[in-house]
Each structure stands twice: as structure tokens, then as C-alpha cells.
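For reference, the structure discussed in these notes is given below.
Just so you know, these numbers use all the heavy atoms, side chains as well, and skip hydrogens, waters and symmetry mates.
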Amino acid sequence: MGWTRLYALIVKELLAVLRDPKGRAILIGPPIVQLLVFSYAATLEVRNVDVMILNRDSGHWGQELIERIDGAPTFRHIEIAADQGEVQVAIDNQAVIAAIEIGPDFSRNIEAGAPVDLQVILDGRRSNASQIVAGYLQQISAALAAETPAGMRAGPAMVSTMPRNWFNPNLTYQWFMVPNLIASIALLIGLIVTALSIARERELGTFDQLMVSPLRLHEILIGKLIPPMMIGLFHITVYILAAVFLFEVPLRGSLLLLYGSAIFYLGSVAGLGLFISALSMTQQQAILGAFLFMVPAMLLSGFATPIENMPGWLQPITFINPLRYFLVIVKGVFLKDIPLSEVINQTIPLALIATATLSAAAWLFRRRLE
């Protein structure tokens, strides 16, 4: 009889989510659109940059530097300034992100092998992009200096480096972004669907009927837990297929390990959703509670910035974030073929988070019965 009751509750939850055609469209369409849009739009790469150059040098090497900057794929358009006042106006108005001033002795000094100063003025309001642009300009100027007669004479005494990028040789950004989106969008869908389940019952007046039904407390929790996990596994499957066949991200690891850890990940996400839903009285409160957790979870997961870069007092908070652990797994399975031991090390915290949140939700349900 227990399995029959549990099966009936699972079917009821799935029907409540999937019965409405508009609900089905919202549940399936937007996540796919988000995956496609964010994979191209959410990028930390710096491209299509506009710069300004004030060339006070009449020699060959100054013009050569301008041509190399113009030919680099990073830079979209180069403005030629007539004086420093024009440079200041362009930076102040954010017309360009960087301005390069080539001194009058640039060609003569670089030809003679003397030290050359190249002034680069950056827009500090876009700090991350400015640092990356400064690195690009430094590489271009260093390559130019190495090809001058003085640079070629000093070549044998110089140390040359050959960078080799493991796991992503061509630095294709989709290889980094798409696995991150698999975990992040699954968090969004799982949290919203689960958080709305009990709040919806309360608004419809069926929550009290559910609590006094023959269903036991653990059966209610399991019945509320399994449907969002099934929907989450469906989305993860669609995202994996899109990553492999659409974005051509290599899948070097085991799908079995990925799906096994995904079950614990979705369980922890659903547990958090049930806890939020148990605290909420309306669906509006449930949605706000889900977003209240989701935005810090994204920022504290290592999605865009490494956790090691965060302040020391903030890093312990990330231990209760399930997205932190699943990001390591999904990127490791796709790009690195991480071993079973590493997957287990990241899955154990997910199981602990699921246990803690489900226990807290059960305690809140039990209080409703008292």
C-alpha cells in the first residue's frame, strides 16, 4: 500500500507540473533558450574592443605597431588621435577602453635597442577588461621588439616560452561555459519547481488535506522530491546532448559518474527547494525565496571567479552551496575525465546537504501537524 500511495503522489505532482500546456512550454522552452543564448553571450573574453592611438613618432616601427594592433582579432576599431585632449575625451566618454601614446623617439630607440616607453591609458571602470587588453598590447609590443634588429641580436640570450593549454588547447570559451550552464540552469529549474510545489498546495487549500491523508511524512517528502529530480535529469540530458552535438564540447569522462552525481546534486537542490517551500505561504514568497538563494549561490560557486579569490571570511559559506561541488564534477567529467575518487569527494557534500535540508523540511512539516 505504501508504494501505491507514493506512486499516486508522484503522478499527481507530475500532472500538476506538466498538465498545463503553458506550464510545459515554460518548463522546456526557456531553459533551452537560456542555454543557447548564455553559451554565446555570457563570456569573460574581451573581443571587439575599440582603442585610440596617439602616434607622435614618424618612424617605421611606430606605424608597424599601429598595423599590428589593427590586425589583432581582439580590436575592432582604431581611432587616431590628434592630441592628448582628444584622448582624454574618448576615455571619459567610454568611447574606447584604452589609449596608446607612441612617443616621438619610439622608432629610433627601438632600432638602437634602447629602453622604450609606451604609454597605455586604460579605462579603470572596466577593470577586468582593461587588464586583459593591457596584456594583449604588451604581447604585441613584445613581439614587435623581438623582431627589430636589436631584438634579433639579443634573441639567443632571451628565454622563450611556449604555452600549452591542457584540457582546452584552443581556449574555446564554450568548452568552459556550457558545462557551467548545465549545472546552473539545472539549479534554477530544480529550485523553482520544488519551491512552488508546497506553496501551490497552500494557495489551492490542498496542503492540509495532504497532511491528514493516509500518506506518511516520509512518503510526502519522497513524493515531492522525485518529480523535480526527474525533470532535472531530463534537462541535464538535453543539455549534455546540446553540449556534445551542438557546441562540440568533448565528453572525456564517464556518463555513469556524471548521472550518478547528478542524482545527489538534484536531491540537494530539491531539498533546498522543499525547505524554502515549507517556509513560504504563497507562491510569490516561494519564488522570491528561491531567487534569494540562487543569486548568491551562483556568485559563490566559482562559476565566474575562483573561490580562492574571495575573502577568507566568505569562503566557508561556499561549503553549503551544492553548485560549488557539481561544477567541479561536470567540468571534470567533460574536460578532464576525473577519477571515481574525485567524484565521490565532491558527491559526499551533496549528500550531506540533501540530508540536512530534507530533515529541516520534515521538521517544518511535522510542526504543521502539531
Side-chain angles (χ1 to χ4, degrees), residues 34 38 41-46 122-132 134-135 167-168 173 175-192 194-195 232 261-262 264-280 285-336 338 341-361 363-364:
Q34 288 174 356
F38 292 163
T43 174
L44 298 180
E45 290 183 313
V46 177
L122 300 167
D123 187 355
R125 290 165 290 188
R126 292 176 280 180
S127 58
N128 183 66
S130 296
Q131 293 176 19
I132 296 175
F167 312 121
N168 190 356
Y173 203 77
W175 288 21
F176 166 78
M177 182 57 64
V178 173
N180 283 335
L181 291 175
I182 292 174
S184 302
I185 300 178
L187 171 68
L188 169 65
I189 299 300
L191 201 61
I192 292 296
T194 314
S261 60
F264 288 94
Y265 172 64
L266 294 172
S268 63
V269 170
L272 287 167
L274 285 176
F275 178 73
I276 294 172
S277 188
L279 290 173
S280 306
Q285 292 178 0
I287 293 176
L288 292 176
F291 275 96
L292 183 64
F293 171 81
M294 189 170 53
V295 175
M298 293 283 290
L299 296 176
L300 298 176
S301 64
F303 178 90
T305 57
I307 295 176
E308 295 78 10
N309 290 358
M310 300 176 187
W313 60 268
L314 190 59
Q315 294 184 22
I317 302 177
T318 65
F319 292 133
I320 62 174
N321 184 6
L323 185 58
R324 165 186 176 156
Y325 305 102
F326 193 61
L327 281 178
V328 175
I329 296 173
V330 70
K331 288 190 293 187
V333 170
F334 266 94
L335 301 179
K336 296 168 55 177
I338 57 175
S341 58
E342 180 63 22
V343 175
I344 292 176
N345 290 338
Q346 301 296 327
T347 304
I348 290 175
L350 294 175
L352 294 176
I353 293 172
T355 303
T357 52
L358 288 173
S359 299
W363 179 76
L364 290 173

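- Contact between S268 and L350 at its shortest, heavy atoms only, is CB-O, 3.6 Å.
- In this structure, L299 CG and M294 CE are separated by 11.0 Å, a value rounded to the nearest 0.5 Å.
- The heavy-atom pair separating K331 from G302 by the smallest distance is NZ-O, 4.5 Å.
- With hydrogens and angles ignored, the 3.5 Å screen pairs no side-chain donor or acceptor of S277 with any backbone N or O of G273.
- Contact record, S130 with G124: OG-N, 4.3 Å, taken as the closest heavy-atom pair.
- Other residues, nucleotides and ligands contribute more than 12 heavy atoms inside 6.0 Å of the CD1 atom of I132.
- By the side chain to side chain contact (heavy atoms under 4.5 Å, CB included) test, T318 is found to be paired with L300, I307, M310, R324, residues two or more places apart in sequence or in another chain being considered.
- The CD atom of Q315 sits 8.5 Å away from the CG atom of N309 when rounded to the nearest 0.5 Å.
- Side chains of I317 and L314 form a contact here, defined as non-hydrogen atoms less than 4.5 Å apart.
- Remark: A183 pairs with Y265, L323, F326, L327, V330 by the side chain to side chain contact (heavy atoms under 4.5 Å, CB included) rule, at least two apart or across chains.
- At least one donor-acceptor pair closer than 3.5 Å links the side chain of T357 to the backbone N or O of A354.
- Atom CD1 of I276 is separated from atom CD1 of I287 by 11.5 Å, given to the nearest 0.5 angstrom.
- Looking only at side-chain heavy atoms (C-beta outward), V269 and T194 stay at 4.5 Å or farther from each other.
- When the shell of 6.0 Å around CZ of F264 is examined, it contains 12 or fewer heavy atoms from other residues, nucleotides or ligands.
- The distance from the CG atom of L181 to the CZ atom of F176 is 9.5 Å, given to the nearest 0.5 Å.
- Residues passing the side chain to side chain donor-acceptor pair (under 3.5 Å) test with Q346 are E342, sequence neighbours excluded.
- To the nearest 0.5 Å, atom CD1 of residue I348 and atom OH of residue Y325 are 11.0 Å apart.
- Across all non-hydrogen atoms, the minimal contact from L272 to P322 is CD1-CG, 3.8 Å.
- The neighbour count for F291 CZ, taken as heavy atoms of other residues, nucleotides or ligands under 6.0 Å away, does not exceed 12.
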Practice item. Start with the C-alpha distance between F303 and M177, add both sets of side-chain angles, then the distance that settles side chain to side chain contact (heavy atoms under 4.5 Å, CB included), and finish with yes or no. Key: CA-CA 9 Å; F303 178 90; M177 182 57 64; 3.6 Å; yes

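- Among all heavy-atom pairs drawn from V343 and S261, the shortest one is CG1-CB, 4.1 Å.
- For the pair I353 and F319, the tightest heavy-atom approach, listed with the atom from each and the gap, is CD1-O, 4.0 Å.
- F334 has its side chain within reach of I182: a pair of non-hydrogen atoms, C-beta onward, lies under 4.5 Å apart.
- Annotation: the span from I329 atom CD1 to N345 atom CG amounts to 9.5 Å, rounded to 0.5 Å.
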